[in-house]
Amino acid sequence: MNRRTLLKTFAALSATSFSTQLFAAPAAQQRFLLVFLRGAYDASNVVIPTSSSFYYESRPNIAIAKPGSDPHAALALNADWGLHPALRDTIYPLFQAGEAAFIPFAGTHDLSRSHFETQDSIEMGQDLGGSRNFQSGFLNRLAAQLNAGSAMSFTDQLPIIMRGDTKVANVGLLKAGKNSLDERQSKIIAQMYGNTKLESQVENGFAVRGEVVQNMKAEDAARQSMNPTMGASAGANAGANNDGNRDAISSKGFELEARRIGKMMRDKYALGFIDIGGWDTHVNQGAATGALANKLEELGRGLAAYKAEMGSMWKNTTVVVISEFGRTFRENGKRGTDHGHGSAYWVLGGGVKGGRVVGEQIALTPTSLFQNRDYPVLNEYRSVFGGLFARAYGLNAKQVDSIFTGVPGMDLGLL
């Protein structure tokens, strides 16, 4: 392998993405994981407005039935809202235990309805009308405020949300053990950067990747010994091939990925990010069963696995699930839904004051839709996150403003 190939390979692995802050987080430190559903999931069929007759009129083929004895009916959250039945065994028990809450009518005021533009906008967390810095993501700005612990993006490339002055590591756990440089090649690259500004960063980069690969090998060996018919690469998959995924993993195999994330965040990393693609359901979305239901079941199993892996640290953990925007309230002619506006966020964790549907809400009628087609955004995402960060980490108003300039946090009383 020549010098050019070595450098190209190392750059592809993560040349500028590794953290220079790899010290272990204190055992009692809060853990925060953001799960980004790329592709814009249909919030109306997950957190379901069961008291709205307009919902059932608008979705003659894909609506979820009101709560009842039918196993395909919505699971009651309160008198107005229900949960998709695919989450019966995973997320619904958390809600019943007070460890999950939902925020409908949440999102950004970005009106582009473009996957990429809106994802970028959310990840930056900056004013839509001002200048935009694509090298400053809001989780990176949060990491700068915490001054303790370490952050990790569980992705192949460092996403905008983790870019910034604080160095953050990134590694895709489904691919980390593949195509790795051998010991000889690693030494060659380390020598290339010796006595340069990047020497420490390169050394730390190899340390992170080596630790991850060793942990994965040990985990795969244990799994193989328990189930010899299961291959070591079980669960590995590429992101679903539709719009807006940005090489995110698909929901298939997320359970394995989530267990690995849980192990790393339980023991070391305090701030994490993962994205899951494939939520752009224009055609044959399904209702209580079908394409969306299958993805929700896989997502729910992964989140439940993450909780299980966190063990006693779950009580200090907050997980937030978001998407770039919601989908049209009315189904389209192909029994799917199109790009919308407002969405619904999930907040999970052992310290969450859940069992509630929170935030500003309105009755869903033909006159209350945004532009006669979508959920309005009543709970702006920066305000929601600012309130959560203030509660979780004791940040004051000035510190929250350093993360989301000009946007005060909204205290929903969830932490």
Closer than 3.5 angstrom, by distance alone: can the side chain of [X] be matched with the main-chain N or O of [Y] as a donor-acceptor pair?
{"X": "Asn45", "Y": "Ile48", "answer": "no"}
{"X": "Asn316", "Y": "Gly351", "answer": "no"}
{"X": "Ser121", "Y": "Glu117", "answer": "no"}
{"X": "Ser323", "Y": "Tyr41", "answer": "yes"}
{"X": "Asp411", "Y": "Gly387", "answer": "no"}
{"X": "Ser52", "Y": "Leu364", "answer": "yes"}
{"X": "Tyr55", "Y": "Thr365", "answer": "no"}
{"X": "Thr108", "Y": "Ile122", "answer": "no"}
{"X": "Asp80", "Y": "Ser51", "answer": "no"}
{"X": "Asn245", "Y": "Gly278", "answer": "yes"}

Once side-chain hydrogen bond (donor to acceptor under 3.5 Å, both in side chains) is applied, what residue pairs with a partner in residues 354-363 remain, sequence neighbours excluded? Trp81-Gln361
Partner of Phe138 by ring pair (Phe, Tyr, Trp, His ring centres under 6.0 Å), out of Phe32, Phe273, Phe404: Phe404
Let me have the donor-acceptor pairs involving side chains of residues 301-309, under 3.5 Å, with sequence neighbours excluded, atom names and distances please.
| from | atom 1 | to | atom 2 | distance (Å) |
| --- | --- | --- | --- | --- |
| Arg301 | NE | Glu297 | OE1 | 3.2 |
| Arg301 | NE | Glu297 | OE2 | 2.7 |
| Arg301 | NH1 | Glu255 | OE1 | 2.5 |
| Arg301 | NH2 | Glu297 | OE1 | 3.4 |
| Lys307 | NZ | Glu99 | OE1 | 3.2 |
| Glu309 | OE2 | Arg266 | NH1 | 3.2 |

Does any donor atom in the side chain of Asn372 or Arg330 lie under 3.5 Å from an acceptor atom in the other side chain? yes
First locate atom CD1 of Ile91, then atom CD of Gln96, and finally report the distance between them rounded to the nearest 0.5 Å.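 Interatomic distance, Ile91 CD1 to Gln96 CD, rounded to 0.5 Å: 12.0 Å.
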Would you name the heavy atoms of Arg382 and Gly125 that are closest together and state the gap between them?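 Result for this residue pair: CD-O, 3.5 Å.
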Lys/Arg N to Asp/Glu carboxylate O, Arg141 vs Asp165, below 4.0 Å: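 Not counted as a salt bridge, because no side-chain N and carboxylate O are separated by less than 4.0 Å.
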Is there a side-chain contact between Glu324 and Phe116 (heavy atoms, below 4.5 Å)?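 No, too far: nothing below the 4.5 Å cut-off.
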In the structure I gave you, are the side-chain heavy atoms of Gln371 and His341 within less than 4.5 Å of one another anywhere?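 Of all side-chain heavy-atom pairs linking His341 with Gln371, none is under 4.5 Å.
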